[in-house]
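Notes for the one structure printed next.
Every value quoted in this text rests on a predicted model; they were computed, and no experiment measured them. Residue numbering restarts at 1 for every chain, and letters A, B, ... go by the order of the sequence lines.
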There are 2 protein chains.
Amino acid sequence: MVQASVPTSRRRPKLAELISDDIKRWIASESLGEGDRLPNEKALMELYGSAKATVREALKILEVEGLITLKTGPKGGAVINQPGMEPASRMLRNFLHFQQLDGRQVYQLRKLLEVELAVSVVGRLTEADFQQLEANIAACSCCGGEEDHRRQRFLELEFHQLLARACPNPLLAFMCQFLNDMLRDLVVIKKAYVPERKQFDHANQDYHRQLVEAYRTEDTQRVRRIMAEHMQDAEHHMSALEAEMAAQMLISSDSLSGHNHRSKLHDLLSENAAP
Amino acid sequence: MVQASVPTSRRRPKLAELISDDIKRWIASESLGEGDRLPNEKALMELYGSAKATVREALKILEVEGLITLKTGPKGGAVINQPGMEPASRMLRNFLHFQQLDGRQVYQLRKLLEVELAVSVVGRLTEADFQQLEANIAACSCCGGEEDHRRQRFLELEFHQLLARACPNPLLAFMCQFLNDMLRDLVVIKKAYVPERKQFDHANQDYHRQLVEAYRTEDTQRVRRIMAEHMQDAEHHMSALEAEMAAQMLISSDSLSGHNHRSKLHDLLSENAAP
DNA sequence: CTAGATTTGTTCGTATGTATC
DNA sequence: TGATACATACGAACAAATCTA
């Protein structure tokens with residue numbers, strides 16, 4: 001049983017999947033890195049004895065998985081690309097879209113992971129990091145107008161993203177950033193959930209300020225205590241939207257914002273008779 | 001900017017990606033579930049005014065992401081498939097393959113998450129679950145021969161997988177299962193790392209037995225304490241392979257086992273002159 | 001700055017295999 | 001068993017993008 005690429009259902013592996021797996025094995029065995037180039041389509045065609053479309057499908061799989069990028073022109077072709085966390089994040093959202101997930105469960109993890117992450121970056125922040133953190137706090141407190149609630153939330157989450165980028169553990173960093181992204185998109189959907197928002201904003205900014213202070217003095221225990229309180233407090237204020245997350249998670253907010261696209265399929269299948 | 005499918009690099013979205021995004025939007029807006037069928041290729045061709053290959057590529061993207069499965073024959077076509085955790089797990093491994101990751105970092109998370117998971121399933125185990133757990137312990141202790149160290153590890157990890165399947169929080173369950181899968185594949189690679197293995201096996205079995213006991217009496221605090229100790233102990237014994245994980249993570253162990261495939265590309269490009 | 005070369009991106013047409021009825 | 005519907009695969013050709021001279 002080879003069958004590595006699409007193991008969701010036991011079935012006969014298709015030709016393109018075998019080819020993409022073979023290329024993956026090649027990448028792993030040669031320990032290739034960013035920038036190395038694969039042979040061009042023609043060479044792959046005659047190597048595997050397959051048609052152009054089949055090779056293209058194999059390359060498509062690798063592109064969707066974020067392992068290569070395809071460019072046209074001379075010196076173009078398939079170059080190996082070390083994937084960021086976006087593809088993994090996207091797939092995880094696809095998975096969670098069909099699960100029932102509520103804010104309580106998100107914070108069950110956030111309370112653990114954000115604290116662990118906060119502690120793990122003590123002593124690892126550069127002066128540039130401190131400047132970004134303090135700039136974020138300043139932006140948070142200054143634009144505290146009543147206008148744009150969402151911008152406020154974005155900035156607060158960005159504070160945590162800055163911390164995550166400094167984390168030396170890539171797994172921990174990924175999970176925290178994923179949780180932050182989910183909360184960010186949740187804010188996009190729920191346009192206004194404004195109970196006692198004012199004091200919540202103030203409390204958040206206070207936590208962030210204290211965190212930076214503790215980081216300056218590299219006081220690990222204080223970092224742990226403040227972040228734990230911060231998460232506890234945030235969970236309490238999240239109880240407002242204690243329901244139906246994971247409903248609209250298939251499309252990331254990047255594609256939601258801007259035009260409010262409706263799918264062509266929806267238009268066609270609902271009207272079913274167009275002039 | 002639509003551009004949701006492959007956001008690893010900012011570039012003009014290709015036609016196939018736009019189509020797959022549109023289909024995704026359709027799935028999300030109609031809140032379709034498992035088993036619902038998409039229009040067939042011909043209908044999609046004339047709907048989007050694109051050729052067969054282009055539509056096929058769009059469907060390919062959705063298939064790689066685990067959102068649909070393609071079947072041949074009448075009543076075949078693209079049926080919506082609620083993705084399991086395999087696609088997300090695969091992408092996360094792709095990401096980590098290019099990061100430096102060691103056993104210490106894995107256990108930094110495992111110590112937090114396995115304990116949280118263990119506590120969260122107290123009172124949620126059915127009698128069938130208990131039977132599976134006890135059967136696992138029995139299999140662990142009986143086949144304690146010196147023959148197959150790997151089988152022993154597989155069974156021990158399977159104990160934790162059983163617990164994870166009973167966890168009501170899908171995010172927490174995913175992360176624990178992912179960590180277990182990574183450790184499982186690591187065992188496949190490192191064929192024999194046998195320092196004081198015997199007493200380690202015995203200790204593990206003892207922890208597992210005590211855990212089942214505590215679950216029977218629904219003693220939450222005891223579950224927490226035992227699992228915490230179990231993870232602490234396991235981390236200590238993992239220090240043997242404190243180095244280079246994440247090297248061979250691109251291909252899952254399913255495809256590694258069996259034939260020890262070498263890639264065609266490797267064969268061709270190294271010899272470079274075939275008779 | 002234009003022109004050509006190179007390589008991917010897209011399309012059409014056709015043939016094959018396979019599962020259902 | 002055969003007919004049908006559908007995905008799968010092949011091959012050739014054209015279009016578009018991009019580097020280089």
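Positionally, the nearest nucleotide of DNA chain D for B:R37 lies more toward the 5' end than for the other of B:R37 and A:G73.
You'll find the side chain of A:F95 reaches within 4.5 Å of the side chain of A:L92, heavy atoms only. Looking only at side-chain heavy atoms (C-beta outward), B:Q105 and B:Q100 stay at 4.5 Å or farther from each other.
Rounding to whole angstrom units, CD1 of residue B:I68 and C1' of D:dC6 are separated by 14 Å. Atom CD of B:E46 is separated from atom C1' of C:dT11 by 16 Å (rounded to the nearest Å). C:dG9 atom C1' lies 18 Å from atom NZ of B:K60, rounded to whole Å. In this structure, NZ of A:K75 is placed 13 Å from P of C:dT8, rounded to the nearest angstrom. Spacing between atom NZ of B:K42 and atom P of C:dC12 amounts to 14 Å, rounded to whole angstrom units. Between B:L38 atom CG and D:dC6 atom C1' the separation is 15 Å, expressed in whole Å.
None of B:I61, B:L62, B:L18 except one satisfies the side chain to side chain contact (heavy atoms under 4.5 Å, CB included) rule with B:I23; the exception is B:L62. Under the side chain to side chain contact (heavy atoms under 4.5 Å, CB included) rule, A:I80 has a single partner from A:L32, A:L67, A:T69, which is A:L32.
Residue contacts for A:G77: at a heavy-atom cut-off of 4.0 Å it reaches the sugar-phosphate backbone alone, with no base atom in range.
Residue B:R37 places its CZ atom among more than 12 non-hydrogen atoms of other residues, nucleotides or ligands, all under 6.0 Å distant.
Between the A:N136 side chain and the A:L155 main chain, a donor and an acceptor come within less than 3.5 Å of each other.
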Legend entry - Annotated protein contacts, base or backbone, on nucleotides 8-15 of chain D with a non-hydrogen cut-off under 4.0 Å, one of B, S, - each: BSB--B--
